[in-house]
There are 2 protein chains.
Amino acid sequence: MTQKQEQLSKNQQIVLNIIEKAKGPLKAYSILYNVQKRGIKAPLQVYRALEKLIEIGKIHKIESKNAFIACKNSDCEISKATAFSICNNCEHVKEIKNTKLSKYLSNFVDNSGMKYKKYNLEFFGLCKDCKLKQ
Amino acid sequence: MTQKQEQLSKNQQIVLNIIEKAKGPLKAYSILYNVQKRGIKAPLQVYRALEKLIEIGKIHKIESKNAFIACKNSDCEISKATAFSICNNCEHVKEIKNTKLSKYLSNFVDNSGMKYKKYNLEFFGLCKDCKLKQ
DNA sequence: ATAACAAACGTTATATTATAACAAATTAAG
DNA sequence: CTTAATTTGTTATAATATAACGTTTGTTAT
């Protein structure tokens, strides 16, 4: 019983469901194949839903993978502050929920005195499972 | 007189020159158009050079833009730790050189105790010029 | 309730970004 | 020199993403 999903349109709902059920990030065309039985036929329908879902913070794009993942973090309001860990071996992706980190980055001021409204951080390494197996 | 460039191959050299001369990040196909007079004819030739240049840390990929920029930061050895600021208005991109930030992120340990080998951070906001103009 | 507007939809076509596969040429090392 | 590794050239194609158009649905204000 998630709240505030009644405002999503039909296609947005379908695409979000697929992404939320997935274990990891999904690519746009893989989403497309998965939702064809539900009436979505064209890439653009998927991309439009993705765009909206990103806008309202329900999902994030993993830029280094061109893939999309459900937001598990109520803190990153409207995707202004996102951080992920990505396993180089099994490609497992996890959203990092760390208050210190997000505070540090949200308040970061560069050498020229600039502050930023938004950031996206991607960490790469081996996840615990893959570290053990090696 | 940059050092250590004698080891680059012809195509790698050509592509690097274009990227280093550019004011901002370049897209692969824009690089291609720019180097056709110098004998590079196919996308793959560009992508291969890009791959190598990234590998040896001469350039970075701006993931959110699918574009490539020369490394201006001798500190980010072999691109293990990259941070950029990106202007939402004029699309100006700048590599952030900030020792505190890079130390903070390189030493970051997440809630599960994981440390990471590599990260890429992209900040978004308005650059100084665009802030003034608004 | 309905006119006016905004948001979402469906569809076709196409643009943009990136890689596969294979053979030839070049370079580096033993 | 010759073997191995890297780089090159080339053609084809895969994968990712958007343009443009007209229609339908949903919202809001009267």
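Here is how names work: the chains are called A, B, and so on, in the same order as the sequence lines, proteins then strands, and each is numbered from 1.
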Exercise. Can you find a side-chain donor-acceptor pair between A/Asp110 and B/Asn98 that sits under 3.5 Å?
Worked result: no
Exercise. Any chance the side chains of B/Glu122 and B/Ser64 put a donor and an acceptor closer than 3.5 Å?
Worked result: yes
Exercise. Is A/Tyr47 stacked on the base of D/dT18, meaning ring centres closer than 5.5 Å and planes within 30 degrees of each other?
Worked result: no
Problem set entry | Whether B/Tyr29 stacks on the six-membered ring of C/dT16 base, 5.5 Å and 30° limits | no
Problem set entry | Whether A/Phe123 and B/Phe108 hold their rings parallel, tilted or perpendicular, with breakpoints at 30° and 60° | parallel
For this session: For the pair A/Tyr104 and B/Tyr104, name the ring-plane relationship: parallel under 30°, tilted 30 to 60°, perpendicular over 60°.
Result: parallel
Between [X] and [N], is there a side-chain N or O to OP1/OP2 distance below 4.0 Å?
X: B/Lys27; N: C/dT17; result: yes
X: B/Ser9; N: D/dT8; result: yes
X: B/Asn66; N: D/dT16; result: no
X: A/Lys52; N: C/dA8; result: yes

Exercise. Which part of the nucleic acid, if any, lies within reach of B/Lys61 when heavy atoms closer than 4.0 Å are counted: base, sugar-phosphate only, or nothing?
Worked result: sugar-phosphate
Exercise. What nucleic acid atoms does A/Gln45 come within less than 4.0 Å of, heavy atoms only: base, sugar-phosphate, or nothing?
Worked result: base
Problem set entry | Closest to side chain of B/Pro43, choosing from D/dA17, C/dT12, C/dT19 | C/dT19
For this session: Could you work out which one of D/dT8, D/dT18, D/dA17 sits closest to the side chain of A/Leu44?
Result: D/dT18
Seminar exercise, completed: Walking DNA chain D from its 5' end, the first of B/Ala49 and A/Arg48 to be reached, judged by nearest nucleotide, is B/Ala49
Exercise. Taking CG from B/Leu32 and P from C/dT19, how many angstroms apart are they, rounded to a whole number?
Worked result: 15 Å
